[in-house]
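What you see is a predicted model; the values in this text were computed from it and never measured.
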Protein chains: 2
Amino acid sequence: MIHYESIAKIVDFKNNNGMDCEITMNKPFPMTSKCTAKAAPSKRKRMSPEERETLIVDEAICFFAEHGFEGKTRDLAKRLGITQPLLYRYFPSKESLIERVYQEVYVQRWNPDWDDLIPDRSRPLADRLAAFYKEYARAVYDYVWVRIFLYSGLKGVDINDRYLGIIKDKVLIPVCTEMRHEYKLPSPDKTPIEAEELELAWGLHGMFFYRAVRHFAYSLPVAEDIDQAIENDVSMFLAGAPKVHKRIVKKAAG
Amino acid sequence: MIHYESIAKIVDFKNNNGMDCEITMNKPFPMTSKCTAKAAPSKRKRMSPEERETLIVDEAICFFAEHGFEGKTRDLAKRLGITQPLLYRYFPSKESLIERVYQEVYVQRWNPDWDDLIPDRSRPLADRLAAFYKEYARAVYDYVWVRIFLYSGLKGVDINDRYLGIIKDKVLIPVCTEMRHEYKLPSPDKTPIEAEELELAWGLHGMFFYRAVRHFAYSLPVAEDIDQAIENDVSMFLAGAPKVHKRIVKKAAG
DNA sequence: CCCGTTATTTATCAAGCGATATATTACAGC
DNA sequence: GCTGTAATATATCGCTTGATAAATAACGGG
């Protein structure tokens, strides 16, 4: 569970690897926000293998997030203040380092605690959705996460498919299910969830995720108050979706 | 003006360069949809410079959309069925070819006719927004467009900023302005448009564009009936946004 | 303070890259 | 057909890349 103090603003956001990321926000169209270079020790420094490996992996994450996976090992080494062959003492190949970066960024990025938020019928649906997306934002509104996800998506890496499968199972389907319950529509047991319904839920997800794309891929300024923006997303969604949703489900059931 | 027959479905969509794009849709999580290889003539064929240049540019667009701009000139040549040095008879450098690809993809992708759709107060706002996004989809729901836009966004190419500036001026601000008019709120002359209002309009745009990201970057299946999906987006937006919008504007107007 | 271990660097390879120079050959005009 | 032009291919350069081998030096233990 990520410890984390209130993020009213995305400004000066720290990413989930605990690395500082210098996000230049609130200025119109700032240049690409980047992770700050760790340290560039000019003199040879002897470290324990564990310490050095951590440094390499952390910097590799930022480096590949910035340049994509075609970034050169020599450039990465330069940013680390080490020589390029040293990387090969810790990783047998560039590919294995990239694999490690994937593991580091994707694994444990889905918090099982989130699973319970959307289906918790003791709270109003609007609260649940807002609560979920606010929590989720803490993991996903992140320079490294968004860019690596986009890069690997464009590259066709299978890990994306798997992650999006989780999104479908843990977010979209629960959203549709809870909306069915909320608006007294047949449960998914009786009338299976339609593709068009999922498309509706993708709409909410799109509002949410495209904000991250705008910021971390396009370097555009986004809402100052992220929590407020998410509440607006959810409020817009719940005010507008039911009508469409009912039509879809009735057509499917009827 | 692009001639174009009704696209009820995105299946078998043709992109705007007139190139066939084989889109594998409706199967769950299909592999990345690609542009089909033009032709791979095994024997040396002598063409007019104009014809050859067109072939190179068209294939380069597909090639870089697929692999990003780090794609190798030798691979591009192989797909064209020509040798790599021949590329350099038509373009002095790889960079100049990429520049040409940018021009080809971006230029004239904004149709000035679209400018009039959103502000046309003789029609209901819902119709106008749906009409605009349906038209816009014809240009943007396209393998080449989406992927090159994402690649160049991640790379920080300035042409993206310029294009997004157009989106702001021609879409987001008009949307906010028309909503103000629709719901009897002060016009932007009196009360300038707030960042939070723009964020609201970005929400609609995000629903729209993220659908393209899902399909062309993540290779996910999307709505079969694109026009219907867009109508759902707009209908959801207009049913849900006003409440939030009013709060924002009234706060701003004091 | 010395010495051995090993983290780190220097030197280098082989393949691949963008790009250029030179050799071929397809086609138009006679 | 023959021939000249130029579209295309072959051969190759110089540099960069991922990766390896050998040399160096930082630190811990005695």
Side-chain angles (χ1 to χ4, degrees), chain A residues 37-102 151-152 155 157, chain B residues 37-102 151-152 155 157:
Chain A
K38 276 302 104 52
S42 48
K43 257 306 171 222
R44 172 190 278 197
K45 179 139 174 231
R46 194 190 173 94
M47 298 177 129
S48 76
E50 300 74 31
E51 197 178 353
R52 180 64 79 190
E53 183 175 317
T54 305
L55 267 178
I56 290 175
V57 170
D58 286 354
E59 191 69 48
I61 289 171
C62 272
F63 178 78
F64 288 124
E66 188 177 340
H67 296 101
F69 296 107
E70 329 242 334
K72 321 298 182 189
T73 55
R74 278 173 178 79
D75 294 336
L76 169 58
K78 192 173 289 178
R79 266 171 57 156
L80 277 158
I82 62 174
T83 56
Q84 179 249 9
L86 187 55
L87 295 172
Y88 288 84
R89 186 166 182 90
Y90 291 88
F91 297 90
S93 68
K94 181 184 179 183
E95 201 179 314
S96 72
L97 175 56
I98 290 175
E99 206 54 48
R100 174 63 176 276
V101 167
Y102 277 132
Y151 270 125
S152 56
K155 219 176 133 192
V157 177
Chain B
K38 277 300 107 53
S42 48
K43 257 306 169 223
R44 173 189 276 196
K45 177 135 176 239
R46 193 190 175 96
M47 298 177 127
S48 76
E50 300 74 29
E51 197 178 353
R52 179 64 78 192
E53 184 176 315
T54 305
L55 267 178
I56 291 175
V57 170
D58 286 354
E59 191 69 49
I61 290 171
C62 272
F63 178 79
F64 288 125
E66 188 177 340
H67 296 100
F69 297 107
E70 329 240 334
K72 322 298 182 189
T73 56
R74 278 173 178 80
D75 293 335
L76 169 58
K78 192 172 290 176
R79 267 172 57 155
L80 277 159
I82 61 174
T83 56
Q84 179 247 10
L86 186 56
L87 296 172
Y88 288 84
R89 185 165 183 90
Y90 291 88
F91 297 90
S93 67
K94 181 185 178 182
E95 200 178 314
S96 71
L97 175 55
I98 290 174
E99 205 54 49
R100 173 65 177 276
V101 167
Y102 277 132
Y151 270 124
S152 56
K155 220 177 133 192
V157 177

For B:Y151, all residues meeting ring-ring contact (aromatic ring centres under 6.0 Å, His included), sequence neighbours excluded
none
Write down the protein N/O and nucleotide N/O pairs, taken from nucleotides 25-28 of chain C, whose separation is under 3.5 Å; answer none if there are no such pairs.
residue	atom	partner	partner atom	Å
C:dT25	O4'	B:R44	NH1	2.6
C:dA26	N3	B:R46	NH1	2.5

B:Q84 meets the side chain to side chain donor-acceptor pair (under 3.5 Å) criterion, sequence neighbours left out, with B:T73
Quick one: B:I82 CD1 to D:dT8 P, roughly how many Å, whole number?
8 Å
Which part of the nucleic acid does B:F91 contact within heavy-atom distance under 4.0 Å: base, sugar-phosphate only, or nothing?
nothing
Provide, to the nearest angstrom, the distance between the CG atom belonging to B:D75 and the C1' atom belonging to C:dG18.
13 Å
Please report the distance, rounded to the nearest Å, between CD in B:E51 and P in D:dA7.
12 Å
Residues which pass side chain to side chain contact (heavy atoms under 4.5 Å, CB included) with A:T54, listed by chain and number, not counting sequence neighbours:
A:D58
Using whole Å, what does the distance between atom P of nucleotide D:dA26 and atom CZ of A:R52 come to?
13 Å
Measure all distances between protein nitrogen or oxygen atoms and nitrogen or oxygen atoms of nucleotides 18-22 of chain D, and list the pairs falling under 3.5 Å.
residue	atom	partner	partner atom	Å
D:dG18	OP1	A:K94	NZ	2.9
D:dG18	OP2	A:T73	N	3.0
D:dG18	OP2	A:T73	OG1	2.7
D:dG18	N7	A:R74	NH1	2.8
D:dG18	O6	A:R74	NH2	3.0
D:dA19	OP2	A:Y88	OH	2.7
D:dA19	OP2	A:K94	N	2.7
D:dA19	N7	A:Q84	NE2	3.0
D:dA19	N6	A:R74	NH2	3.3
D:dA19	N6	A:Q84	OE1	3.0

Quickly work out the A:L76 CG to D:dT16 C1' distance and round it to whole Å.
16 Å
Supply the atom-to-atom distance B:E66 CD to B:L76 CG, rounded to the nearest 0.5 angstrom.
11.0 Å
Across all chains, not counting sequence neighbours, the salt bridge (Lys or Arg N to Asp or Glu O under 4.0 Å) partners of B:E53 are B:R100
Let me know the distance between CG of A:L80 and C1' of C:dT9, rounded to the nearest Å.
15 Å
Rounded to the nearest angstrom, tell me the gap between atom CD1 in A:I98 and atom C1' in D:dT17.
13 Å
Roughly how many Å is it from NE2 in A:H67 to C1' in D:dT17, rounded to a whole number?
16 Å
Spacing of CD1 belonging to B:I56 relative to CG belonging to B:L97, to within rounding of 0.5 Å:
7.5 Å
Side chain to side chain donor-acceptor pair (under 3.5 Å) partners of A:E51, counting only residues at least two apart:
none
Report the residues that fulfil ring-ring contact (aromatic ring centres under 6.0 Å, His included) with B:F69, sequence neighbours left out, ordered by chain and then residue number.
B:F64, B:Y102
Which pairs with one or both residues in residues 83-95 of chain A pass salt bridge (Lys or Arg N to Asp or Glu O under 4.0 Å), sequence neighbours excluded?
none
